[in-house]
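In what follows, a structure is listed as C-alpha cells, so that the remarks can point back to it.
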Amino acid sequence: MLIINLSEDSVARAQKEFYLSEESLEWTKKHLQRFSDGDIFPKPFEFHAIWSDWADIKVKLTVQNLYKYETGATRIMAVPKSTIGFRISHQLDPIDTLIYFSLIYYIVPQLEKYRFDFSQGISCSYRFKLDENGNLFDKDIQNKAWDAFEDNTKKHAQEFEYILATDIADFYNSIYTHRVHNCICDSYEYFSESTEESKHVAKLLENFLMSLTASSSKGIPVGPTASIVISEFILTDIDHFLFNNNVTFTRYADDLRIFAKTKQEAHKILQELTKYLYTHHKLSLSSAKTYLKLSSTFIEEVFDPELEENKKKEEWHNILGSSAFDMYGMSEEEEAEAKKER
C-alpha cells in the first residue's frame with residue numbers, strides 16, 4: 001500500500017481555501033473611492049451602488065472562497081496612444097476590480113522589499129507605499145521617478161562609451177501568468193520568507209488572470225493600476241538578472257538603458273538579455289525601439305528639446321506623406337520661399 005505523508009502546508013493547499021481579509025477590502029475601497037480603478041476609463045457608476053451597500057458586500061466577499069470565484073465580463077476598447085495608433089485596454093467588472101486590488105494589497109510590501117532601493121538608480125518607476133488612506137504609490141518618490149531615470153542616464157553616460165536603449169515588445173499582453181506566480185513566490189523565497197498566505201495569493205492571482213484571458217495563460221489587463229504591480233514583479237526579476245551579471249543599467253517601466261564600454265560588450269549583453277527574456281518569460285525586445293549609440297550622441301539627441309521636436313515632426317511627415325500636408329496648404333516657411341520666387 002502506498003503511503004503519502006503530507007505536511008500541514010500541503011494539506012492546506014490541497015483544500016484550496018482562501019478568503020480576503022477585511023483589512024485588504026477596506027484599503028481597496030479607500031483606494032477606488034479616491035483614484036478609481038485606473039486613468040483610462042471613467043469611474044464605473046456601479047461603484048456608487050457598491051459603496052452604498054458596502055457592509056453587506058464586504059461580508060459576502062470575506063466569505064467567498066477565491067479558489068471557487070469566477071470572473072465576470074471585461075470591457076475591452078481600443079484606446080488612442082499618445083502617438084499614432086491604438087492600444088487595447090481593459091476595464092474589469094467592478095467586483096473583479098475589488099478582488100484584484102485586494103489581492104495586490106497582500107504583495108505590494110514584498111515587492112518593494114525585493115526591488116533595488118530607489119537611490120541605486122536601477123528601478124526608477126512606480127514605487128509603491130500602501131497607507132491607511134488608500135494610497136498605492138509612494139508620492140514622494142513618484143514625483144522624482146522620471147528625473148532619476150534621466151539623471152542616471154547622464155551620470156553613466158560619462159563613464160561608458162555606449163548606451164544600449166531597448167524595451168519589451170507588447171509587454172503587458174505578452175506576460176505569461178505562470179511567470180507572475182513564479183516571480184511572486186521567488187520574491188518571498190529570496191528572503192526565505194515564503195508563507196502559506198503568499199503561496200495562496202500568488203496562485204490566486206495566476207488563476208484570476210487566466211480567467212480574464214479565457215485560460216490563455218498570457219496577458220494582464222491594461223488599464224487597472226493593480227496591473228502595474230504585477231508588471232513590476234516581472235521587471236524586478238529582470239533587474240536581478242542584469243545586476244547579477246554585473247550590467248550597469250537604469251530602468252523606467254519596461255524601458256531599459258544599458259551602458260557598455262565597447263560595442264562588443266553591448267552586443268553580448270543584448271544577446272544574453274534576449275535569451276533570458278525568452279527562456280524565463282517568453283518575452284522579446286522591440287526591434288524597432290532597440291538601438292546602440294555613442295553616449296555623447298544619445299545624450300545630445302535625447303536631451304536636446306529642439307532636436308527631439310524636429311525628430312517628431314519628421315516622423316509625422318513620413319507617416320502622413322507630403323500630399324497630406326498639401327491638403328492644408330503650405331507651411332510658413334514654404335510660403336516665404338514661394339514669395340521670393342515670384
Side-chain angles (χ1 to χ4, degrees), residues 18-82 85-108 111 126 128-137 139 142 171-173 175 177 180 201 204-216 218-233 253:
F18 187 83
Y19 304 89
L20 292 172
S21 68
E22 184 176 344
E23 183 183 35
S24 68
L25 287 163
E26 284 295 340
W27 175 86
T28 296
K29 177 192 175 187
K30 291 177 182 177
H31 177 81
L32 294 175
Q33 283 181 320
R34 292 185 63 193
F35 307 106
S36 191
D37 54 345
D39 57 5
I40 295 179
F41 294 95
K43 182 183 293 187
F45 69 87
E46 292 92 340
F47 281 133
H48 295 292
I50 289 173
W51 308 143
S52 67
D53 196 26
W54 177 240
D56 288 340
I57 291 175
K58 182 172 65 173
V59 169
K60 290 181 180 179
L61 288 174
T62 56
V63 298
Q64 169 67 55
N65 179 6
L66 292 191
Y67 279 102
K68 297 182 179 180
Y69 178 77
E70 295 183 5
T71 59
T74 299
R75 177 180 290 119
I76 301 175
M77 294 186 66
V79 177
K81 295 183 179 181
S82 57
F86 294 83
R87 65 161 54 89
I88 298 299
S89 298
H90 310 81
Q91 188 169 46
L92 307 186
D93 174 272
I95 298 300
D96 291 348
T97 296
L98 286 170
I99 290 174
Y100 193 21
F101 278 80
S102 296
L103 285 171
I104 290 299
Y105 174 86
Y106 288 91
I107 59 174
V108 165
L111 170 60
Y126 303 119
F128 305 101
K129 186 178 181 180
L130 301 178
D131 67 20
E132 60 185 8
N133 297 316
N135 284 314
L136 172 60
F137 297 101
K139 289 184 177 180
Q142 196 63 23
F171 180 45
Y172 273 42
N173 292 319
I175 291 175
T177 51
V180 171
V201 172
L204 285 165
L205 278 167
E206 178 187 6
N207 293 349
F208 181 87
L209 294 169
M210 286 185 65
S211 178
L212 292 176
T213 58
S215 300
S216 70
K218 189 175 182 180
I220 65 174
V222 176
T225 48
S227 292
I228 299 174
V229 176
I230 298 296
S231 72
E232 285 294 331
F233 268 102

Run the side chain to side chain contact (heavy atoms under 4.5 Å, CB included) test against T74 and tell me which residues pass, sequence neighbours left out.
I76, H90, L92, L212
All heavy atoms of D131 vs all of N133, minimum pair found to be OD1-N, 2.9 Å
Please step through side chain to side chain contact (heavy atoms under 4.5 Å, CB included) for the pair I95 and T71, ending with a clear verdict.
CA-CA 8 Å; I95 298 300; T71 59; over 6 Å; no
Assess the residue pair T177 and F208 against the criterion (side chain to side chain contact (heavy atoms under 4.5 Å, CB included)); give the C-alpha distance rounded to whole Å, side-chain angles, the decisive distance to 0.1 Å, and a yes or no.
CA-CA 9 Å; T177 51; F208 181 87; over 6 Å; no
Atom of S24, atom of Y106 and distance for their closest heavy-atom approach
OG-OH, 3.7 Å
Hits for side chain to side chain donor-acceptor pair (under 3.5 Å) against S102, two or more places apart or cross-chain, chain-then-number order -> T28
State whether a side-chain donor-acceptor pair under 3.5 Å links S227 with Y100.
yes
I want to check something: taking the side chain as every heavy atom from C-beta on, are L136 and V229 in contact at a cut-off of under 4.5 Å?
yes
Which pairs pass salt bridge (charged side-chain N to carboxylate O under 4.0 Å, His left out) with one or both residues in residues 36-47, sequence neighbours excluded?
none
For L130, does its backbone N or O pair with a side-chain atom of N135 as donor and acceptor, under 3.5 Å?
no
For the residue pair Y19 and L66, establish whether any side-chain heavy-atom pair is separated by less than 4.5 Å.
no
Could you check whether any side-chain heavy atom of L205 comes within less than 4.5 Å of a side-chain heavy atom of I230, counting everything from C-beta outward?
yes
Compare all side-chain heavy atoms of P94 with those of I50 and state whether any distance is below 4.5 angstrom.
yes
Could you tell me which non-hydrogen atom of I220 sits nearest to which non-hydrogen atom of S231, and how far apart they are?
CD1-N, 4.3 Å
Starting at NE2 of H48, measure out to CG of D53 and round the result to the nearest 0.5 Å.
15.0 Å
Side chain to side chain donor-acceptor pair (under 3.5 Å) partners for T97, two or more places apart:
none
Give, for atom CD1 of I57 and atom CG of L98, the distance between the pair rounded to the nearest 0.5 Å.
8.0 Å
Mind running side chain to side chain contact (heavy atoms under 4.5 Å, CB included) on V222 and I88 for me, showing each step along the way?
CA-CA 7 Å; V222 176; I88 298 299; over 6 Å; no
Hey, does I228 have a side-chain heavy atom less than 4.5 Å from the side chain of Y172?
yes
I need the full list of salt bridge (charged side-chain N to carboxylate O under 4.0 Å, His left out) pairs touching residues 18-35, with sequence neighbours left out, sorted by first then second residue.
E22-K58, E26-K58
Please find the pair of heavy atoms, one from G223 and one from I40, that lie closest to each other, and give the distance.
CA-CD1, 3.7 Å
Would you mind reporting whether F41 and S36 have side-chain heavy atoms less than 4.5 Å apart?
no
Hey, would you say the F128 and F137 ring centroids sit under 6.0 Å apart?
yes
Test side chain to side chain contact (heavy atoms under 4.5 Å, CB included) on L111 and E232; report intermediate values, then the result.
CA-CA 8 Å; L111 170 60; E232 285 294 331; 3.9 Å; yes
Under the ring pair (Phe, Tyr, Trp, His ring centres under 6.0 Å) test, which residues partner W54, sequence neighbours left out?
W51
Is the distance between the ring centroids of F101 and F35 under 6.0 Å?
no
Would you mind reporting whether L204 and Y69 have side-chain heavy atoms less than 4.5 Å apart?
no
Would you please classify the geometry between the Y105 ring and the W27 ring as parallel, tilted or perpendicular, with 30° and 60° separating the classes?
tilted
Does Q91 reach the side chain of P44, with side-chain heavy atoms less than 4.5 Å apart?
yes
